Structure formats: structure tokens, C-alpha cells
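This report refers to the structure that appears directly beneath it.
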There are 2 protein chains.
Amino acid sequence: MRVLLVEDTTGLGEAVRDQISEDGHAVDWVQSLGFAETSVKTTTYNLILLDLMLPDGHGFDFLKKLRATGDATPVIILTARDQVSDRIAGLNAGADDYLVKPFDLSELSARVAAVARRYRGNPNPLVRIGDLEVDLGDHRISRNGQPVELTAREWALFEGFLQRPGILLSRSQLEDRLYEFGAEIESNTIEVYISRLRKKLGRDAIVTVRGMGYRLNSYDH
Amino acid sequence: MRVLLVEDTTGLGEAVRDQISEDGHAVDWVQSLGFAETSVKTTTYNLILLDLMLPDGHGFDFLKKLRATGDATPVIILTARDQVSDRIAGLNAGADDYLVKPFDLSELSARVAAVARRYRGNPNPLVRIGDLEVDLGDHRISRNGQPVELTAREWALFEGFLQRPGILLSRSQLEDRLYEFGAEIESNTIEVYISRLRKKLGRDAIVTVRGMGYRLNSYDH
DNA sequence: CCTCACCTGACAGCAGCCTGAACCGCTTAC
DNA sequence: GTAAGCGGTTCAGGCTGCTGTCAGGTGAGG
């Protein structure tokens, strides 16, 4: 697989390049958006690893421009910011996945491998929960074989439940997934999203634990 | 990660065990469904590798029983048969993934790693008291494997007993757990909640100490 | 046998939750 | 430039079932 790495930090760039090529992929490493743009014009990549803060601009601009040209190459965002707003904005901008620095190199390998598997036609392993099938790498869900479309925020919420089966997430934990840390929200946005997820994933997919929060229903629904 | 391997073929079992433990996971290897069932009762696993053809029954029976108790531990099925019907039956029975023998050990490692990644959050430790199993973090209780639902108030009371199993809690200490500090309560609310807890957790789960208070029964009930 | 502490079924009231609908801002299509 | 579409947020009205209270019952202790 051919991978384009866009990262201006030298140390991190080297580490990532070495890891990916050790995993058996070809890596082109550039350190600015300018070089990245010429690279994608001259070469076809199977995957782009994209840092956000770069000397000549923000990664999102590159990503949006790329998608505007109809290029659907998978993009994994590498960012130091753990800000939810960034994550959601990234997904909205057309990224396929994101890694928050500092990340484990094996974690990186795994995500890259997931893309490679898909590229070769082998689907990623699916998580099955009741009548749902979730492809974590691909951010795709199907219910009884029918694909289900989630918006970025809906996915951000839902993903939280997948960390561990049966996990109980309190209202404030869920808010932290959608908004800046500590952002107070006075309306019932969480309830509305839960309601929408239920409409899409099945009424019983998410169980209310009164006065405590919500949890994913791992049994049949 | 703690892995339960259920496989009766000695050669294959050893190979799998060695590979998984080389990957840095703790492996418990059993060779029959009977031993598997006692293992899952006494230990919490992050992953179960399950052969289908076993001396004392078919793996599906074990899997179905496991799911019926509400256990959502990821299960990867190992089987010699490559039949599509088996595959579908396995996924329907609640398996998360599937490996057809003979499989490459590196393929096994990859699938196990995928599960590890998916559930990288450590499971909460379980507290066992008599026939109860309590997950403090997720606020989950099961009694003889059956999940028990507690309301917020009931949980608040019960939690008080768990902090010091066997300790005697006076009525006023229990009231302090339910209400603002110093709130006076003249009715028999505590008694009512004790009664409700007993109905859900077993008549003998909480012992009355006349004139003094209540205490959790840490022995069998 | 009496007393008192404790137990528990029943119930009204309301906190917490659900959801349809409207609104706003942003993006896309023409 | 304008219209249409979509996602995100807020609000109001309705519903569910939790909570606290009471009353009558039970049983331990003397």
C-alpha cells in the first residue's frame, strides 16, 4: 500500500515513517501542505496520514480541497488536540479516522492495517451488538443487513458506548464527547440525540438508566 | 487482556496459547465446555476463543447460554468447518468473529489485537458477595447470573453497604446517603428501601440488627 | 400475651425522560 | 443570488415509573 504522511515534526515523522514501512507499506513523507498537494497530484495514494497544524496552513483546508476534487482516498488525521470540536470537524471535513497525539505506534499500525484490509477487499472485523453490525474502522453500521447512516455527532455519541460492552455513560460523560471539556449545556440535547440514535438503531438499542445515564443494550432487541 | 481458550486439540491449543501469551495476554486454556463454564463464572475475560466441536458438547450451546446470562464478552469462534451456514449460525448465536482452521497464527494475533483495541478500556473489577456480582463502575448487579435492576435511590443505599461489607450501618447513616446532610426524615423510608432491596437481591442479603441498624450479609444467602 | 420495632403492599404526586416540531446556520445546487 | 436541503439545537407537551408516605401486618423479646 502507498501511504502519504503529512507531518512537520521531524521526530514524530521519522517514527511514523519507520513504523509504516516496517509494516510493509511504501511511505512518502512531506512536511507541508504545499508538498502534499503536489504529491497527490502526481501519485495515487491508498491512505493519507494528515497532521493538522502545519507551517503553511491547516490540514482541514487541504482535506476539504482534496474532497472537493472528488478524491476519496482514506484520510486519518493526526492531531495533538484532544478537542472534540476538532474531531467532529475532522469527520465533517471528510476524514475517515483520527489519532490523538501522543498515540501508540501499534495503534497507528492497527488503523493503517484496517485501511489496508479494506483496500484489499477484506472487510474489517465487525462488532455485533444485537441486530447491529458495527465496522469501527470504517465508521459504518448496518442493522439487519441494512446500512444505517449516522451524522458526525451521532457517531461521536455512539462510539462512546462501544468502548466496553455494557458501559454506563452518564449524561456529563456524553456531553464531554460532544462538546469542549467542561462545556455546560442546559438543554436536553443529549436526550434528543439518544432519541435519534434509537430511531436509527432500534428502540431498545440504548437503555435508559434513570437518574444515572444510558447504556448500550448488548442483548437482542 | 485476559483470554479464555476453549480448545480440545492438544497441539493446536498449545500453539494458540503460546502465540497469545507471546502477544502479551494472559491465557486460560480449558479443553471442555464444562471447564469453560466454571471459568467464566469465576473470572471475567476480555475475550473467549471458542472451538465448536468439543468432547462434551457443541460450542454454540455454550455461547448461547453465555449470552442468555447477559454476558457480552467478545467471542471468536475457531472451527474446522468452512460452511457458510455454520458461519451465519455462529454470528447469530452471538459470536463476534470467526476463524476457519487451519488459520495462520499471525492472523489470529491480528484478530485478538483488534479485540484488544476495541476494548482497551479495562473492565471494572467485580465484587462478589454471596450470589451477587457487582460492577461498581457500571452500576450493574447480577444475581446468579441474572441481571438485577436497581433504581438510583436503591443503588445509593446499596453502595453504602458495599464500601464496608459486613459493617453495621445505622438508620441515620443510611439517611445521610440518600438525602442532603442533616435532612431529617420522620417516615420509614429507609425501611421501605431495605424491603425493596431485599426483594431484588434476596431476602437474606441484608440483615436487620434490631435497634441498631442493618448490615450486608457477606456469606451465602 | 403484650409491646414495640420492623416489614411491606398500595398509591398519589412529580421528577426525569421522550419526542415531534420549529428554528437557525451552513452548505450545495442551480 | 437564491432556494433547497441538512445537521444541530432548543422548546413544549406528554408520559412513565420512581419516590416518599401511610396503614395494616408480622414477629422478636420480655
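In the text below, chain A, chain B and the rest are named by the order of the sequence lines, each starting its count at 1. These figures come from a predicted structure and were not determined experimentally.
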Establish, with yes or no, whether the OP1 or OP2 oxygen of C:dT19 is under 4.0 angstrom from a side-chain nitrogen or oxygen of A:Y193. no
Between CZ of B:R215 and P of C:dC6 the distance, given in whole Å, is 14 Å
Would you say the side chains of B:D28 and B:S39 form a donor-acceptor pair under 3.5 Å? no
Nearest-angstrom distance from the residue atom OH of A:Y214 to C1' of C:dT19: 12 Å
Starting from P on C:dA15, measure out to CZ on B:R153 and report it in whole angstrom. 12 Å
Mind checking if B:R198 touches a base, just sugar-phosphate, or nothing, with heavy atoms under 4.0 Å? sugar-phosphate
Roughly, in whole Å, what's the span from CG in B:N188 to P in D:dT19? 16 Å
Find the distance A:E175:CD to D:dT9:C1' and express it as a whole number of Å. 13 Å
Using a cut-off of less than 4.0 Å, is there contact between a side-chain N or O of B:T208 and OP1 or OP2 of C:dA5? no
Minimum-distance nucleotide (side-chain atoms of B:V192 versus C:dA22, D:dT19, C:dT8): C:dT8
Rounded to whole Å, CE of A:M212 lies from C1' of D:dG17 at a distance of 14 Å
Selected nucleotide, minimal atom distance to B:S195 side chain, candidates C:dT8, D:dG8, C:dG20: C:dT8
Kindly compute the distance separating CZ (A:F161) from CG (A:L174), expressed to the nearest 0.5 Å. 5.0 Å
Degree of bending in the helix from C:dC1-D:dG30 to C:dC30-D:dG1 once both end axes are built from five pairs, to 10°: 30°
Do the side chain of B:R210 and the base of C:dT3 come within less than 3.5 angstrom through a donor-acceptor pair of N or O atoms? no
Is the phosphate of C:dG20, meaning OP1 or OP2, less than 4.0 Å from a side-chain N or O of A:K199? yes
Between A:R153 and A:T189, is any side-chain donor less than 3.5 angstrom from a side-chain acceptor? no
So, is B:R171 close to the C:dC6 phosphate, meaning a side-chain N or O under 4.0 Å from OP1 or OP2? yes
Would one find a side-chain N or O of B:T189 under 4.0 angstrom from OP1 or OP2 of D:dG20? no
Under 3.5 Å donor-acceptor, A:K200 side chain and A:V148 backbone: no
Separation of D:dT19 atom P from B:E154 atom CD, nearest Å, is 7 Å
